[in-house]
Each structure stands twice: as C-alpha cells, then as structure tokens.
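Both backbone and side-chain heavy atoms feed into the values below; hydrogens, waters and symmetry mates do not.
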Amino acid sequence: MMASQRTQTFSDSESPTHSPNESFNLNAEEVTGSGYPYSLGRTMRQLTLDADAQPDPADLFTILVASDLHLGYCDRDELRKNDSLRTFEEILRTAKENKVDFVLLGGDLFHENKPSRSTAQQCATLLRSYCMGDGGINFELVSEPTVNFGHMEKQFQRINTEDPNLNINLPVYSIHGNHDDPSGSTYLSELDLLHTYGLINYFGKAVDLENIEIAPLLFAKGNTKLAVYGLGAIRDERLHRAYLENQVTMHRPEEATEEWFNIFVIHQNRPAHRGKHNYVPETFLEKWLDLVIWGHEHDPVPVPVLNKEMGFEVLQPGSSVATSMSDGEGKQKYCYLLKVAGRRYRVEPIALETVRPFYIEDINLTAIGYIKDDGNADVIRDDVEKFLNKKMEKLIRKAEEERRPQQPKEPLIRLRVDFGNVEPLNPILFGQRFFGRVANPKEIIQAVKSKPLGRNNRNGDTSNVSQFKSMTIVPEVVTSIEDLLKEHFKRLANDHLQLFSPDFMNESLKQFVHNDDKEAILDAFEFQKAQVEKFLREREIDPASVSDLPESIRAYKEAHVDMPQYLSDFAAWRVNSSKVAKRSPSQATGTAAKRNRTGSDDEDAPHIDNVGPLSLAPLSTQGSVRGRGRGSRARGGATVARGGARGRGRGGAASAVSPTESEEEEANDSGDSNGPSISSRGRTTTTRGRVTTTTRGRRRTGHITDYFM
C-alpha cells in the first residue's frame, strides 16, 4: 500500500456481530478459580492456525504482547531494584528472537508517574539496544497518524518507523496505565517523552474526557488488515459513567469494514467485586471486537477467555513483576505471541524465566494446635517462632530446588499467619535471621484474621489446614496516612475545614504523594473554589448579604454528595485546562488553577450540579484572605493577613485597618490584580471572587476563599 492511501475514513461503531462459527468455542471447558464466569478453549478462528493449516508468512502478523511491567518498582531496594528491568529485557529479547512485527504493551510500563532518572535512563537504554538497527519493517500503517497521535506535538504525530531520522527494526506500541498516567497542568507522562525521543509509539491517550473518541491504528500486511484500538487508563468511575452516557465512541474503517481484525487494548478494573461503578463491564464494549487485551489485572489468565454474550475473547496478560504479596502475583508470569492472519488468530503464552521466585503460605496456628493457655503462656510464643522458622527453611530449600538459571537467587516469601490468641511476632525481628537469603526479610510475616475453624492436632490431622487455605483471609486493619487525615478533617470540619471536602482533600493528597503531582492540591483548591463561586452566581446570591452565604453554601453542600462524580469532573477540568495551555503557549508555565482562577468565565469547568460533599464552618469576618506566595506587610503598624498576596493574580493582602496611600501602593506592587481596590479613605469595593460590604474606616470581608481555610 502506498502512503497516499492514508486517507482512511471512519464510521461510528454500528455493525453486525460475527457469525457463530467464527466466534464461539468448540469443546469449551468452564474456567474454575479465575473469578470470571466465561469459557476457555480454542475458537474455530484459532484452530485454523494449527500446524496443518499454516498461513502465508506474507499475511501473518506476529505480535509480542505484555502488560504491567512496572519499571522502577522497588528501585530503592538494592536487591530488587533491577527485577522489573531484567524481565523487560527478557521480553524485548524474546521479541527479537521470534522476529515479531511489533511489541504491544497494555499499560503501566512504569511503576510511577515520574520514574527516577536511573529507571528512565535504563528503560531508554534497553529500548535503543533492542529496537534500533537495520532491518526491514514488513507492515504498513494505513491510518492517518495525525488522528492516532493528535495528543503529540505536530512534528511528532507519526510512528517512529516512518521518522527519517531514526532506524527502527522493532517498534513498540503502548498505552498508559494508572501508574504512569498523564498528570499536571501539561497533562504529560513519561510515555510522552519516550514517544518524543522516538523510542516508543504512545497511543490511546484521551484528551477530552467528556467526549472520548477512539480511532484505531490501521495496519496492513499482505492480505491481513489489523485494527488496533487503545484507551489508556481513566478513573474507573468516570469511564463507567462515560459509557453509560454514550460519551465513548469507537470508530471503524468504512472501507472493507468486515475484513479488519479488531484488537482493543484497555487498562481498567475488570472484576465487578471492586465496586458497583469501579470497573468497566465487558458488556460496555463493542460486539464487533475480536480480541480484548486487558491490562491492569496482575493475575495472568494465559489463554483467551470467551465472553459468550459479546462474542469476543479477552486476554488478560497479567504483570511481569510482583508488586504486592498476593496470590495472583505468585503465579507463573508470561508474555505472549499473538499471531493474526486474515480474521484468524492464535495466542501462545511464553513463560518468563527471569521473574523472582515467589511463595505464599497460609498458616492458622489455632487450627494446627498452637493455643495459648495458663499452662503454656511462657513457652507458646517461642514454640510458634520455632515452627515458623522451620516453615521458612522448608520454603527456602524449595526455592533453591525450583529456581531456574536466570532467576534471582533470593526468593520472595510471605507467611500469612493467623496467630489466634498468641501474641504476634515482630516481623522485623523475625526477618533479621533471613537477611541475604530472601528478598523481603522485613515483610515475611503478615498477621491476618481468618474465619474460626475447628481445632486440629498439631501432630496429626491436617484437614482443617487445607480447609483454612480455601477460605477468605481478612487482613488486620492497617491505618494509612490518608485514613488518619480523613478522620482528622471530619472531626474538625465544622471549625477549620470550611469548604474543602475531606474525601476530595485525600484524593488530591494521593495524587500529590503517589504521582509526585505538585499541582494536585492547588488545582483541587482552585477547582472547588470556582465551582462554589459559580453556584452562588447562578443563584444570584446578593453579594452584599454576607449573612446569606453560610446558609446558601450549606444548601449547596447538602445537595451534592456524589464524590466519584466530582473526582471525575475534576480530572476532566484538569485535562481541559491543559488544552488551554497548549493553545496559549504564554500560559503553559502556569498551573491549571491559574488559568481558571477567577471563575468568572469558567466554560471548561463541569456543571456545578456534579460537585461532591463539602465541609462548612462559620464565616470569618476578621482579618483578610490568605493568598499564595509572599506578600507585603503594611507599614505604620497595620498588619496584613497571614500569607499576604502570594503569586500573580491571586487575592491580595488587605490591611485590617485603614491603609495609607503608600500602603495601597505597596499592596498593588505585591502582584494583586484581582484583590480589592482600597482607597486612601479605607473604602473597599466588590471584586471578582470576593463579596464585601462597604463601610468607612472598617472592612467586613465575605470572600468565598474564607470558606476554604
């Protein structure tokens, strides 16, 4: 195909599903233990790719699929810092050995939104080493790259194999996950940088969360037409609502629509048990899809799972590195060869050989017979410790016997112990004797609570032990900093936190801490402030009636309680704000909050009806508004509100007594463009974002910002 053919048009996703002889399993067996009520087994499409019916190599796409690599996980742990990178290299090496056409990643290439320099450098080193060099590309992109990569700068709206300055022989295509998702006022992630460097092709980035349009990458190889759709991670509640409100559109090629093999790469919660709206049901997807590659879930399901209702199959690759001590992480990990010829395909799992060994064992001391009473109170704890030591030695020997040559020597071992009425052991002290022998000596023991079981003889019957393993284990409650802050703000809401929702504050804090998003808290403040101001304007609240504000805001608080909806609207607001920055380069250095600060023309902000719960406290009538940045202190003994006028264009510092002309000049010099205008006679006037009453020589402020402090 010629480049001039790249005039592919799209149509909305409305077409009949595949005929049953194409889609449904033959001799399917029910999946057990996976949590997914679907069927496993080869479809007729898969069977036709067996050895007795090999397709023409000129028509065969060979793709290496992997997901959730989490590069940089534990990069401060001297023993484990290279685990994710070692397996990433194995995946790239496997791709080269199998001479694949390209690598397809299902999100979470990085463990953090802003990986360390060391992790970023080592990732770039591996990509350059394995993906650059001589060698032909035997397929062609026939869709318009400016549509597929519209989120990039104009000169980089293309795939790296068509960049005249690069020599790529192993292309990598990736969506983002929830760990390496775009954030901040510029809405960028590490994948944007890798795309700009020409090391990967970053697709599936939604830039308008109110209207999510998914256009496929269209590839052609011989007679095979391949459409690859991608959607990077979006907050599950928001994407769930977007599907319900028909805000997600998947475009199909108008030409030879039924000849395309359709793959959808997605990175979201899959199981329904995580919350009513905290996942994406498979029934939300399109029936004309052939294969869904579902990232985010670390538990691998190494063969495609048929959704009988929808007619497509789902491949859940799982992760390539263990990032938690859970059952799913302890399973064999894989990458996959996906072979597509025409409308037929086959998936071949390839076991990864470099993953660190991982063993979990559940222990119920009560069921085994370790029960504290008056006769053994002095020795029972020592007996338990000796028993657990023996368990550890047994598991370490097992790891040594089963270790593959390329695996790290030190295994991960987790003992989930129900101590019953025995005092739990200190995990740190217990693990000290295993330093250098296991990879996680400080977190070997996890104290848990299980459902009560019948007593068992420690030397005999073990039926209760196996029964324990099949039961749900409920970990003891662990208090996080988010939980502590949430409780703290709830206790003080009526006196200290006057408008900010505690739940919203915690979500902003998580963004700040986990994603290193330094603008999250400021943007959250500005967003909620803008919504309340808009609420008051729309209801024509008398700006001079300060006494009406508390009651009005209380009514607003009681009317809006949907926090997931509010968080989704906040995310959309930040995305829209970043688009404003792109259109106005002079504003790109500011935060999203600065671009929507006044709230007077806030077209990008979502409707106020979607705002979450708030905390309300009495209006302060003394002092003045706290701003951002450094402010000026009034001369002549007049003090200025703490915080002054920080930052350009934010509420300035107002004196608590009548200012002089020089004081007014100093306040203006402090960068206060939206603060109150103060005359030499001490009169204040109404300004944007501020509700004031005008008196002579005395100021009563009812600025909406007072409710946030």
Asker: Under 4.0 Å between a Lys/Arg side-chain N and an Asp/Glu carboxylate O for R238 and E210?
Answerer: yes
Asker: Which residues pass the side-chain contact (heavy atoms from CB on, under 4.5 Å) test with Y197, not counting sequence neighbours?
Answerer: L193, L194, L199
Asker: Are R270 and E282 ion-paired here, with the side-chain N under 4.0 Å from a carboxylate O?
Answerer: yes
Asker: Any luck finding a side-chain donor-acceptor pair between S116 and S118 under 3.5 Å?
Answerer: no
Asker: How far apart are the closest heavy atoms of I413 and N440, and which atoms are they?
Answerer: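 Heavy atoms only, the tightest pair is O-ND2, 2.9 Å.
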Asker: Should the heavy atoms of other residues, nucleotides or ligands under 6.0 Å from CZ of R128 be counted, would the total exceed 12?
Answerer: no
Asker: Does the pair D75/R80 count as a salt bridge with the N-to-O cut at 4.0 Å?
Answerer: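 Between R80 and D75 there is no salt bridge, as every charged N stays at least 4.0 Å from the carboxylate O atoms.
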Asker: Taking NZ, NE, NH1 and NH2 as the nitrogens, is one of them in K339 or E348 under 4.0 Å from a carboxylate oxygen of the other?
Answerer: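 E348 and K339: salt-bridged.
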Asker: Whether the H251 and E213 side chains hold a donor-acceptor pair (N or O, under 3.5 Å, no angle test) is what I'd like checked.
Answerer: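 Indeed, the side chains of H251 and E213 share at least one donor-acceptor pair under 3.5 Å.
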Asker: Show, in sequence, the C-alpha distance, side-chain angles and deciding distance for H179 and H267, and conclude whether the ring pair (Phe, Tyr, Trp, His ring centres under 6.0 Å) test is met.
Answerer: CA-CA 10 Å; H179 280 258; H267 191 101; 8.0 Å; no
Asker: Closest approach of I168 and I137, non-hydrogen atoms and distance?
Answerer: O-CD1, 3.6 Å
Asker: If you measure from CG on N246 to CD1 on I212, what distance do you get to the nearest 0.5 Å?
Answerer: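 Nearest 0.5 Å value for the CG-CD1 distance: 12.0 Å.
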Asker: At their closest point, which heavy atom of F284 faces which heavy atom of Y243, and how far apart are they?
Answerer: CD2-CB, 3.4 Å
Asker: Would you mind checking if D101 and K221 are paired as a salt bridge, meaning a charged N to carboxylate O distance below 4.0 Å?
Answerer: yes
Asker: Does a donor on one side chain sit under 3.5 Å from an acceptor on the other, for H195 and H151?
Answerer: no
Asker: Can E245 and R241 be counted as an ion pair, charged N to O under 4.0 angstrom?
Answerer: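 Salt bridge between E245 and R241, a charged N being under 4.0 Å from a carboxylate O: yes.
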Asker: Taking all heavy atoms of S143 and all of L218, pick out the closest pair and write down the distance.
Answerer: OG-N, 3.2 Å
Asker: Would you please name every residue forming a side-chain contact (heavy atoms from CB on, under 4.5 Å) with S129, sequence neighbours left out?
Answerer: T125
Asker: Over all heavy atoms of both residues, which pair between Q268 and E297 is shortest? Give the atoms and the distance, please.
Answerer: O-OE2, 4.0 Å
Asker: Please give me the minimum heavy-atom distance between L352 and S320, naming the atom from each residue.
Answerer: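 Shortest heavy-atom separation between L352 and S320 comes out as CD1-CB, 4.0 Å.
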